[in-house]
Amino acid sequence: MKKIGFIGMGNMAQALCAGFAKSHIEMAAFAPNQEKLAANAKKFGFVPCASLKDVCESSDTIIMACKPYHIESVLGEIKDKVQGKALVLIALGWNFAKYSSVLGETTTRIQFVMPNTPAMVGEGVFLFEKSNSLSAQERTDIWNLFATLGVVEELPDNLMGIGGAVTGCGPAFVDLFLESYADAAVKYGIPRKTAYRLVSQTVLGSAKLQLETGEHPGVLKDNVCSPGGSTIRGVAALEEHGLRSACVKSIDAIMNA
């Protein structure tokens, strides 16, 4: 993998660019808004390209970062230009099988990756679909590159949907949780900006504690709940109002749509 080319330069592509730049890998990109592309090129250090053809011809690994509804038309335009290259796909609603059916008989090597927005601060989750046609070395190189921006996990094809629901949609649910507890803090007198900082750091610290200790979340919860104390009363209130059920139902709503 000598040079990565991005098709599309939205928030996720920018997050990937920012992280990949630290690995000193060469990058190029194409996006329809050439003025914005040029500004981002200066910011992230990639070569701006004037066309899809240019970015494909100048790169050996292509990251499809355009909107999902543009993918089929873009693939139709670049199909011949990505022969013999690696194509990394990060759009929700697509997978290895779907890309393979659209591309047909091809020498293009494909890997579907489901990212999430915390990649923008180097704390992302990247789900690699098990089915792929990359060479072993390509997959190792691409895996290691994404790992510079967070945690990388491989999932079987049939679990990519639920994995994406939890990690891809999950940040919005966590943000709602953050906002709700910040509202409670504001209700009792803490300034809004301070409230967000306190709640966000509490969530960050709690998540890091679980990851680094490997303890069951229930054990960590019990460690904070003193008999007859404030925390267990708060936990009881959350149980009474169905927090666990609401969390599961939010995923049910996605999976059963």
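Note that these values count all heavy atoms, side chains included, but never hydrogens, waters or copies made by symmetry. Here the structure is a predicted model, which is why all the values come from computation and not from measurement.
- Residue L155 is grouped with residue F112 when hydrophobic side chains (ILVMFWY) are merged at heavy-atom distances under 4.5 angstrom, including chains of intermediate members.
- The aromatic ring centres of F177 and F173 sit 6.0 Å or more apart.
- Salt-bridge formation is detected for the pair E239/R244: a Lys NZ or Arg NE/NH1/NH2 atom is positioned less than 4.0 Å from an Asp or Glu carboxylate oxygen.
- Separation of the F128 and F146 ring centroids falls under the 6.0 Å cut-off.
- S131 and D157 are linked by a side-chain donor-acceptor pair at a separation below 3.5 angstrom, with hydrogens and angles left out of the test.
- Here CD of E129 is found 10.0 Å from CG of N158. Values are rounded to the nearest 0.5 Å.
- Note on V186 and V203: separate hydrophobic clusters, where clusters join Ile, Leu, Val, Met, Phe, Trp and Tyr whose side-chain heavy atoms are under 4.5 Å apart, directly or indirectly.
- Here the rule is side-chain contact (heavy atoms from CB on, under 4.5 Å) with E138, and of L134, T140, D141 only L134 fits it.
- Formation of a donor-acceptor pair under 3.5 Å by the T213 side chain with backbone atoms of E215 is found in this model.
- The distance from the CG atom of L159 to the CD atom of E153 is 12.0 Å, given to the nearest 0.5 Å.
- For CD of Q83, the number of neighbouring non-hydrogen atoms (other residues, nucleotides, ligands) closer than 6.0 Å is greater than 12.
- Atom CG of N40 is separated from atom CZ of F46 by 5.0 Å, given to the nearest 0.5 angstrom.
- Rounded to the nearest 0.5 angstrom, M27 CE and I63 CD1 are separated by 9.5 Å.
- Under the side-chain contact (heavy atoms from CB on, under 4.5 Å) test applied with Y99, the options L75, T108, T106 reduce to a single match, L75.
- Crowding of E154 atom CD: a count of heavy atoms from other residues, nucleotides or ligands under 6.0 Å exceeding 12.
- If you take CD1 on I62 and CZ on F30, they are separated by 12.5 Å, rounding to the nearest 0.5 Å.
- One N or O on the side chain of N116 and one on the backbone of V125 form a donor-acceptor pair closer than 3.5 Å.
- For the atom pair CD (E179) and OG (S200), the distance works out to 11.0 Å, reported to the nearest 0.5 Å.
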